[in-house]
Amino acid sequence: MPEKFLQPYDPSATESRIYEEWEQSGLFNPDESAKQGITSADAPAYSIVLPPPNVTGRLHMGHALMLAIQDTFIRYKRMRGFRTLWIPGTDHAAIATQSVVEKQIKKDENLSRHDLGREQLLKRIEKFANESHDTIVKQVKTMGASLDWTREAFTLDETRTRAVRTIFKLMYDAGLIYRGLRIVNWDPKGQTTISDDEIVYEERAAKLYTFRYSKDFPIPVATTRPETKVGDVAVAVHPDDARYTAFIGKEYDAIFCDVPIHIKVVSDKEVDPAFGTGAIGVTPAHSHVDWDIASRHELSQEIIVINEFAKMTVNGRLEGKKVLDARDTVVEWLKSEGLLEKEEDITQNVSTAERTGGVIEPLPKLQWFIDVTREIPGRGKSLKELMLEPVQSGAIQIIPTHYEKTYFHWIENLRDWCISRQIWYGHRIPVWYKGEAIIVGTPPAEEGWIQDEDTLDTWFSSGLWTFSTLGWPEATEDLRTYHPTDVLETGPDILFFWVARMILMSEFALNTIPFKTVYLHGIVRDAQGRKMSKSLGNNLDPLEITSRFGADAARMALIVGNAPGTDSRISEDKIKGYKHFANKLWNIARFVLENTENFDRSSQTELNSEDAARKTEYEIIIADVTADMEAYRVYLAAEKLYHYVWHQLADVILEESKAILGTVRTPSDASAEAKNSKKTLLIYLLDNSLRMLHPFMPFVTEEIWQSMPTKDAKFLMVAKWPLLH
RNA sequence: GCACCCUUAGCUCAGUUGGUAGAGCAACUCAUUUACACUGAGAAGGUCGUAGGUUCAAGUCCUACAGGGUGCACCA
């Protein structure tokens with residue numbers, strides 16, 4: 001028995017060394033594994049793409065969870081003999097990264113991005129992204145993740161840029177990408193458009209004002225935004241509202257707070273007669289609902305009264321005022337003119353930008369969109385249908401299944417996807433203009449063309465991730481072999497942002513699903529069930545945790561009992577428990593190795609009936625755990641193994657074996673046959689337990705394996721998963 | 001407002017196709033310097049949120065209600 005077993009197991013001395021050995025073996029790469037004759041060339045493929053961590057900072061517990069779960073899937077399949085590929089990568093995370101760097105520059109040098117200019121700012125962001133990338137890769141490795149680093153991708157590198165430009169062109173030519181003037185969600189703070197999904201609603205106290213445009217205007221109107229009323233072109237009422245039917249079709253002129261306005265009374269079914277006065281002042285340019293009403297009634301949508309900085313653009317007393325100041329001014333004016341009829345306190349859901357917290361100002365803007373309802377030429381279906389069908393048919397399975405309903409619900413409410421962003425870091429829109437002419441997809445060779453200033457929503461390029469990482473648009477061997485991928489493992493918070501967009505992109509570009517299974521994990525919370533956050537200071541740093549307890553312990557603590565789609569709690573005590581377990585396993589190995597030293601395994605092939613019963617009992621565990629692994633129930637498999645190894649193998653079987661094998665204090669008079677049977681059993685149980693625990697606790701199992709008499713592969717990582725015969 | 005999820009031991013949570021209620025932690029009693037104190041043995045702890053229903057059989061399926069959470073929508 002090697003001397004190392006005389007000491008308690010020390011993960012910090014072991015883990016980095018083993019990871020290095022694995023990496024040097026090249027066996028994270030399925031091609032290398034086939035070359036070395038470990039995987040057969042015609043073995044089925046199994047692939048996962050790692051959801052690329054943002055290059056904005058450090059690894060957090062959510063990353064650690066994702067790495068632990070995926071590495072467990074991957075190591076299991078690798079041991080089952082699949083050509084197993086796990087692709088690493090990082091995400092440029094456009095807005096997130098740019099705002100981190102902008103904030104830093106503002107703080108350190110008091111400069112804005114406009115002071116620096118596009119080129120300079122991009123250089124600074126890239127430098128930050130590179131440093132951040134290196135840190136993250138190092139951290140990913142400490143978790144034991146068996147990623148094929150030879151295939152590492154970045155969402156903004158050359159291959160991915162080619163993929164983005166290619167698909168943009170394909171969608172443009174298919175009539176799915178268009179540029180149009182629409183009401184968008186404008187974030188005045190971030191100075192960019194954001195998608196519907198990036199909005200968070202905040203409940204705030206507000207006032208509902210009831211007023212008339214002028215003394216002779218017949219209908220009172222209620223609003224929370226009096227300042228926008230200088231942009232009104234109509235009043236909409238419900239067609240069946242008896243109070244107002246007499247006025248439908250009539251037009252009125254007024255001077256509203258120094259601004260001349262022309263108001264037409266229209267009827268529209270969208271109006272709720274029960275709310276306010278039952279009449280809506282229609283401001284087409286500054287409200288989604290009003291824009292749609294204006295479209296239906298062919299009203300002017302061109303009167304813009306608020307600009308990108310949320311300031312008033314009209315002449316008169318409101319000129320240049322911020323919207324909130326303008327609101328006060330209009331209310332004062334209404335009061336002085338005797339036009340204000342009522343002022344009520346209400347609570348209102350205000351749209352704010354998820355990232356900056358800025359209050360969203362709906363504005364009409366010339367933006368790029370993806371049309372999700374238009375029929376795709378030659379396909380007879382819309383993108384919406386392409387997103388819906390594979391989940392409906394079961395081609396894609398979402399775990400837990402109830403998220404399928406959430407998914408369908410989202411698709412039903414889906415509107416065209418605004419894909420242009422007014423930030424600088426990201427894939428620049430591949431469109432070039434020269435006067436009226438435009439070129440889409442590939443940059444023109446001649447001079448004089450100007451590229452669109454905007455960049456693409458980061459989810460546009462992320463949507464390509466399953467196949468852009470495999471070399472698309474080239475028809476690569478990787479693409480043929482590993483796509484569709486097997487599992488996408490991620491959090492439910494990006495089900496719409498990302499999962500849905502990946503289905504859209506893959507279905508459009510390749511006419512196939514991007515993955516067969518979506519495994520959604522929950523949020524990792526602290527011991528009290530609170531979200532981990534900087535402001536609470538309750539973050540557990542995965543690096544600090546692994547250095548104190550070992551990556552194996554952290555992985556087990558994250559996986560055991562953590563059912564998909566359910567939030568989990570983690571605490572140092574829990575992690576400590578699994579550090580103890582690693583040590584327990586270590587000592588089981590010590591006991592078994594110590595007691596089977598110089599044992600000729602070929603001398604004993606038959607187990608006696610008592611030991612055979614133990615083996616049969618164990619075979620049930622193998623079958624059970626294997627079934628769990630196949631069904632992605634890793635949280636159950638891990639718990640069962642833990643329980644068996646500690647409370648059956650160690651507490652019962654090892655203890656019983658002492659009487660047979662004898663100890664220093666109590667010599668045994670058992671027969672040689674009984675002893676040999678017991679030794680055979682112990683080696684069998686330890687060997688197979690190491691194999692089954694490996695996907696969960698790769699380091700300690702690998703370290704023990706290197707001293708096993710049953711060692712039949714250079715690394716446990718590529719040894720065979722136990723199968724029943 | 002609509003949808004979805006959760007409610008099981010003191011705490012945190014599992015419970016797969018309906019088939020004798022489980023784990024970890026904590027607490028209790030005892031043992032022990034041992035493969036391992038990063039230990040072991042034992043005992044205790046439950047009307048499975050409430051009320052109905054289906055079934056030979058319900059923690060599990062159905063209905064209603066209550067409490068907690070999440071997502072979506074949204075009023076001008």
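The shown structure was predicted, so the numbers you read here are calculated from the model rather than taken from an experiment. Protein chains get the first letters and strands the later ones, always in sequence-line order, with residue 1 at the start of each.
Rounded to the nearest Å, the gap between the P atom of B:rG49 and that of B:rU7 is 7 Å. A gap of 46 Å separates the P atoms of B:rG40 and B:rG52, to the nearest Å. The separation of B:rU60 from B:rA76, taken at their C1' atoms, amounts to 47 Å, rounded to a whole angstrom.
Residues A:Arg614 and A:Glu619 are not paired through a salt bridge, judged by the lack of any N-O separation under 4.0 Å between the basic side chain and the carboxylate.
OP1 or OP2 of B:rG24 has not a single side-chain nitrogen or oxygen of A:Tyr642 nearer than 4.0 Å. For A:Thr223, no side-chain nitrogen or oxygen approaches OP1 or OP2 of B:rA76 to under 4.0 Å.
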Please list, for nucleotides 43-45 of chain B, all pairs of protein and nucleotide N/O atoms separated by less than 3.5 Å.
none

Give every pair of a protein N or O atom and an N or O atom of nucleotides 40-42 of chain B that lie under 3.5 Å apart, one pair per line with the distance.
{"from": "B:rG40", "atom 1": "OP1", "to": "A:Lys584", "atom 2": "NZ", "distance (Å)": "3.2"}
{"from": "B:rG40", "atom 1": "OP1", "to": "A:Trp646", "atom 2": "NE1", "distance (Å)": "2.2"}
{"from": "B:rG40", "atom 1": "OP1", "to": "A:Asp651", "atom 2": "OD1", "distance (Å)": "3.2"}

Measure all distances between protein nitrogen or oxygen atoms and nitrogen or oxygen atoms of nucleotides 1-12 of chain B, and list the pairs falling under 3.5 Å.
{"from": "B:rU12", "atom 1": "O3'", "to": "A:Arg569", "atom 2": "NE", "distance (Å)": "3.0"}

Pull out every protein N or O sitting under 3.5 Å from an N or O of nucleotides 14-16 of chain B, one pair per line with the distance.
{"from": "B:rG15", "atom 1": "OP1", "to": "A:Tyr635", "atom 2": "OH", "distance (Å)": "3.1"}
{"from": "B:rU16", "atom 1": "O2", "to": "A:Arg633", "atom 2": "NE", "distance (Å)": "3.0"}
{"from": "B:rU16", "atom 1": "O2", "to": "A:Arg633", "atom 2": "NH1", "distance (Å)": "3.0"}
{"from": "B:rU16", "atom 1": "O2", "to": "A:Arg633", "atom 2": "NH2", "distance (Å)": "2.4"}
{"from": "B:rU16", "atom 1": "O4", "to": "A:Lys640", "atom 2": "NZ", "distance (Å)": "2.8"}

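Judged by closest nucleotide on RNA chain B, A:Phe5 is the one of A:Phe5 and A:Ser287 placed further toward the 5' end.
Because its NZ or CZ atom is both nearer than 6.0 Å to the ring centre of A:Trp417 and within 45° of the ring axis, A:Arg501 counts as a cation-pi partner of that residue.
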Identify all side-chain donor-acceptor contacts of residues 576-591 of chain A below 3.5 Å with residues at least two apart in sequence or on another chain.
{"from": "A:Asn583", "atom 1": "OD1", "to": "A:Tyr9", "atom 2": "N", "distance (Å)": "3.0"}
{"from": "A:Trp586", "atom 1": "NE1", "to": "A:Gln7", "atom 2": "O", "distance (Å)": "2.8"}
{"from": "A:Asn587", "atom 1": "ND2", "to": "A:Asn583", "atom 2": "O", "distance (Å)": "3.0"}

Secondary-structure string, 5' to 3', Watson-Crick or G-U under 3.5 Å, | for another-strand partners, for RNA chain B: (((((((..((((.....[..))))..((((.......))))......(((((..]....))))))))))))....
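In A:Glu544, the CD atom is crowded: over 12 heavy atoms of neighbouring residues, nucleotides or ligands sit closer than 6.0 Å.
When distances run from any side-chain atom of A:Pro8 to the nucleotides B:rC38, B:rA35, B:rA76, the shortest one goes to B:rC38.
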